[in-house]
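What follows is one structure encoded as structure tokens, with my remarks underneath.
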Amino acid sequence: MTRIVIQWQDQFGRWQRFQEKHNQADAFRTAQARARSTGKRHRLVDEAGQLLDLVEP
């Protein structure tokens with residue numbers, strides 16, 4: 001089972017960990033909703049550290 005980590009980018013350009021999920025579609029929906037509400041960039045990363053998706057607000 002793959003782990004998807006949701007991260008958000010702070011004002012200094014660093015990626016901060018937000019949440020971990022096991023369903024990629026659910027992780028994308030969560031990242032998209034949070035990007036809209038916070039106005040910050042979010043990304044999905046798998047357990048190996050590879051970028052899966054980047055969500056702009």
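Heavy atoms only: backbone and side chains are in, while hydrogens, waters and symmetry mates are out.
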To the nearest 0.5 Å, atom CG of Asp46 lies from atom CD of Gln24 at 9.0 Å
So NZ of Lys40 and CD of Glu56: to nearest 0.5 Å the spacing works out to 13.0 Å
Do Leu51 and Arg43 have side chains that get closer than 4.5 Å, going by heavy atoms?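 Side chain of Leu51 against side chain of Arg43, heavy atoms only: contact under 4.5 Å found.
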Which residues satisfy the salt bridge (charged side-chain N to carboxylate O under 4.0 Å, His left out) test with Asp26, sequence neighbours excluded?
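Expected list: Lys21, Arg29.
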Check: Do the side-chain N and O atoms of Gln7 and Arg17 include a donor-acceptor pair separated by under 3.5 angstrom?
Finding: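 Side-chain D/A pair, Gln7 to Arg17: absent.
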**Message:** For a quick check under 3.5 Å, do Arg3 and His22 share a side-chain donor-acceptor pair by atom type?
**Reply:**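 Short answer, no.
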Heavy-atom closest pair (Pro57 atom, Ala35 atom, distance to 0.1 Å) is CB-O, 3.3 Å
- Which heavy atom of Trp15 sits nearest a heavy atom of Arg41, and at what distance?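 Looks like CH2-CD, 3.5 Å.
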Show the numbers, then the answer: is there a side chain to side chain contact (heavy atoms under 4.5 Å, CB included) between Arg34 and His42? CA-CA 8 Å; Arg34 191 160 190 275; His42 285 64; 3.0 Å; yes
Excluding Phe28, membership of its hydrophobic cluster (Ile, Leu, Val, Met, Phe, Trp, Tyr; side-chain heavy atoms within less than 4.5 Å) reads Ile4, Ile6, Trp8, Phe18, Leu44, Leu52, Val55
